[in-house]
Undergrad: 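Structure below; questions to follow.
FYI, the numbering just counts along the sequence from 1.
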Amino acid sequence: MKLFAKKSLGQHFLNSTHVLEQIIAAAQLEKGKLVLEIGPGTGVLTRALLAAGMNVIAVEKDTRAIDVLKETFKEEMSVGKLHLIEGDILEMTPEKLSENSLLPSSYSLIANIPYYITGAILEKFLEHGPRPDKMVLLVQKEVAERIVTRDGKESILSISVKAFGTPKLVAKVPPGAFTPPPTVDSAILSITDISDRLFTEKNVDISKFFSIVKAGFAHKRKFAIRNVETVLEREVAEAVWKKTNLDPKIRAEDITISDWLNIAS
């Protein structure tokens, strides 16, 4: 059965052996490591992961793809190397997968995800445990550049990632590496050393941190302290700014992850 990409699902199937090799190299995984793959589609990345000696849990929303994957990986599923789950990953939680003994405390997330759910995937698997110890994702190049702050300016997205791990743009990927080709360039993004260590070290509540960060970025033209005053009392905000040695005229995009943590502590 030939699987044709569905535009409504944001499907762009990877067809480049070179990009597959780059993803596997970026992952730097030991044989036997458990990998969570989101949206395996035709199973090209799944096969590469299995060939590299990984054990794979693959979550696929498209029923057509499930049928193809079951036929393609019949042997791997029979010996427990591949566990296939039909469903929408956005309706699942890491906690729920863990409760069902599907997701252990140590795993990696490697996937070619639909670009329109990139932010939701990062939020779900970074802000909630059990977190993967690393991620390697195919994402829109512009998004990857925003996360690694190629222009030197932070965003809610870059701060949200850096709060939990270290992002790196591994390689740019041209549209021709996919079928059908997307209208934008893509990139391999790796996020390593993922944990909530920064929050525990500073004794910062994660929910409070993100409410302050989101407030800080709410109005880009305003000074960050004026934005933050919507969630912190003015006197408190001014005291924090003074303690952190922040310029009262600084904007949110120029505040580092370390300073955001100090503001929220």
Side-chain angles (χ1 to χ4, degrees), residues 1-27 29-94 96-104 106-118 120-122 124-125 130 132 134-139 173 175-182 186 188-189:
M1 175 183 172
K2 187 172 178 61
L3 188 64
F4 293 94
K6 263 189 177 180
K7 188 175 181 180
S8 62
L9 295 177
Q11 291 174 330
H12 295 279
F13 301 135
L14 188 61
N15 61 28
S16 169
T17 302
H18 178 58
V19 174
L20 284 170
E21 291 171 349
Q22 288 179 304
I23 292 172
I24 298 300
L29 298 178
E30 299 176 1
K31 287 188 176 181
K33 179 75 177 182
L34 182 68
V35 169
L36 173 63
E37 183 187 7
I38 298 168
T42 59
V44 171
L45 178 55
T46 313
R47 186 174 297 284
L49 292 168
L50 291 168
M54 305 301 112
N55 295 318
V56 180
I57 295 175
V59 179
E60 177 57 64
K61 180 179 180 179
D62 188 351
T63 301
R64 302 171 309 144
I66 290 288
D67 294 336
V68 171
L69 294 164
K70 282 181 177 178
E71 182 61 32
T72 304
F73 297 105
K74 189 183 301 181
E75 182 178 338
E76 290 84 353
M77 292 177 68
S78 68
V79 296
K81 294 290 291 181
L82 171 65
H83 188 94
L84 188 59
I85 302 173
E86 182 175 359
D88 186 346
I89 192 67
L90 297 182
E91 295 178 358
M92 304 175 189
T93 62
K96 198 66 180 176
L97 290 169
S98 180
E99 287 172 9
N100 294 336
S101 301
L102 295 174
L103 206 59
S106 178
Y107 71 99
S108 295
L109 198 167
I110 303 176
N112 171 26
I113 56 175
Y115 293 163
Y116 72 94
I117 65 169
T118 300
I121 292 297
L122 291 171
K124 182 179 288 288
F125 287 93
K134 69 174 63 173
M135 293 185 186
V136 180
L137 303 173
L138 269 169
V139 301
V173 181
F178 302 89
T179 304
S186 305
I188 300 170
L189 174 73

Undergrad: Can you name the side chain to side chain contact (heavy atoms under 4.5 Å, CB included) partners of Ala27, sequence neighbours left out?
TA: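 Testing Ala27 for side chain to side chain contact (heavy atoms under 4.5 Å, CB included), a comparison that skips the adjacent residues, returns Leu29, Ile110, Val136.
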Undergrad: Could you list all the salt bridge (charged side-chain N to carboxylate O under 4.0 Å, His left out) pairs where at least one residue sits in residues 36-57, not counting sequence neighbours?
TA: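 Those involving residues 36-57 do not exist here.
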Undergrad: Any heavy-atom pair between the side chains of Ser108 and Met135 that's under 4.5 Å?
TA: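 Met135 does not reach Ser108 side chain to side chain.
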Undergrad: Would you sort out whether Leu109 and Val35 count as a side-chain contact (heavy atoms from CB on, under 4.5 Å), showing the intermediate values?
TA: CA-CA 6 Å; Leu109 198 167; Val35 169; over 6 Å; no
Undergrad: Quick one: side-chain hydrogen bond (donor to acceptor under 3.5 Å, both in side chains) partners of Lys81, sequence neighbours excluded?
TA: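 Partners of Lys81 by the side-chain hydrogen bond (donor to acceptor under 3.5 Å, both in side chains) criterion, ordered by chain and then number, come out as Asn55.
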Undergrad: Under the rule for side chain to side chain contact (heavy atoms under 4.5 Å, CB included), what residues qualify as partners of Pro114, not counting sequence neighbours?
TA: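 Partners of Pro114 by the side chain to side chain contact (heavy atoms under 4.5 Å, CB included) criterion, ordered by chain and then number, come out as Tyr116, Ile117.
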Undergrad: Could you state the interatomic distance from CD1 (Ile24) to CG (Leu49), rounded to the nearest 0.5 Å?
TA: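 If we round to the nearest 0.5 Å, Ile24:CD1 and Leu49:CG are 4.5 Å apart.
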Undergrad: What is the distance from atom CD1 of Ile38 to atom CG of Leu45, rounded to the nearest 0.5 Å?
TA: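 Interatomic distance, Ile38 CD1 to Leu45 CG, rounded to 0.5 Å: 11.5 Å.
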Undergrad: Tell me every residue that passes side-chain hydrogen bond (donor to acceptor under 3.5 Å, both in side chains) with Thr63, counting only those two or more places apart in sequence or in another chain.
TA: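 Testing Thr63 for side-chain hydrogen bond (donor to acceptor under 3.5 Å, both in side chains), a comparison that skips the adjacent residues, returns Glu86.
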Undergrad: Determine the minimum heavy-atom distance between Pro40 and Thr46, stating which atoms define it.
TA: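 Closest approach of Pro40 to Thr46, heavy atoms only: CB-OG1, 3.3 Å.
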Undergrad: Side chains of Leu137 and Leu122: closer than 4.5 Å at any heavy-atom pair?
TA: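 With C-beta onward as the side chain, the pair touches.
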Undergrad: Do the side chains of Ile57 and Tyr107 get nearer than 4.5 Å, heavy atoms only?
TA: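 When only atoms from C-beta onward are counted, Ile57 and Tyr107 do not touch, as no gap falls below 4.5 Å.
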Undergrad: For Pro180, does its backbone N or O pair with a side-chain atom of His12 as donor and acceptor, under 3.5 Å?
TA: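 Here the side-chain-to-backbone pair exists.
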Undergrad: Sequence neighbours left out, cut at 3.5 Å: what donor-acceptor pairs do the side chains of residues 69-77 make with other protein atoms?
TA:
from	atom 1	to	atom 2	distance (Å)
Thr72	OG1	Val68	O	2.8

Undergrad: Working to the nearest 0.5 Å, report the span between NZ of Lys61 and CG of Asp88.
TA: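 Atom-to-atom, Lys61:NZ and Asp88:CG are 4.5 Å apart.
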Undergrad: Lys33: which residues meet the side-chain hydrogen bond (donor to acceptor under 3.5 Å, both in side chains) condition with it, sequence neighbours left out?
TA: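 Listed in chain order: Ser106, Asp133.
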Undergrad: Taking all non-hydrogen atoms of both residues, which atom of Ala65 and which atom of Gly41 are closest, and how far apart?
TA: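 That closest heavy-atom pairing would be CB-O, 3.6 Å.
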Undergrad: Please walk me through it: do Val173 and Phe178 pass side-chain contact (heavy atoms from CB on, under 4.5 Å)?
TA: CA-CA 9 Å; Val173 181; Phe178 302 89; 3.7 Å; yes
Undergrad: Identify, with sequence neighbours excluded, every residue that meets side chain to side chain contact (heavy atoms under 4.5 Å, CB included) alongside Thr42.
TA: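 Counting only residues at least two positions away or on another chain, Thr42 forms a side chain to side chain contact (heavy atoms under 4.5 Å, CB included) with Leu3, Phe13, Val44.
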Undergrad: Which atoms form the tightest heavy-atom contact between Met54 and Glu30, and what is the distance?
TA: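 Taking Met54 first and Glu30 second, the nearest heavy atoms are CE-O, 3.2 Å.
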Undergrad: Quick one: list whatever passes side chain to side chain contact (heavy atoms under 4.5 Å, CB included) with Pro175, sequence neighbours left out.
TA: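 Only Pro181, Pro182, Asp185 meet the side chain to side chain contact (heavy atoms under 4.5 Å, CB included) criterion with Pro175.
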Undergrad: Test side-chain contact (heavy atoms from CB on, under 4.5 Å) on Ile89 and Ile113; report intermediate values, then the result.
TA: CA-CA 11 Å; Ile89 192 67; Ile113 56 175; over 6 Å; no
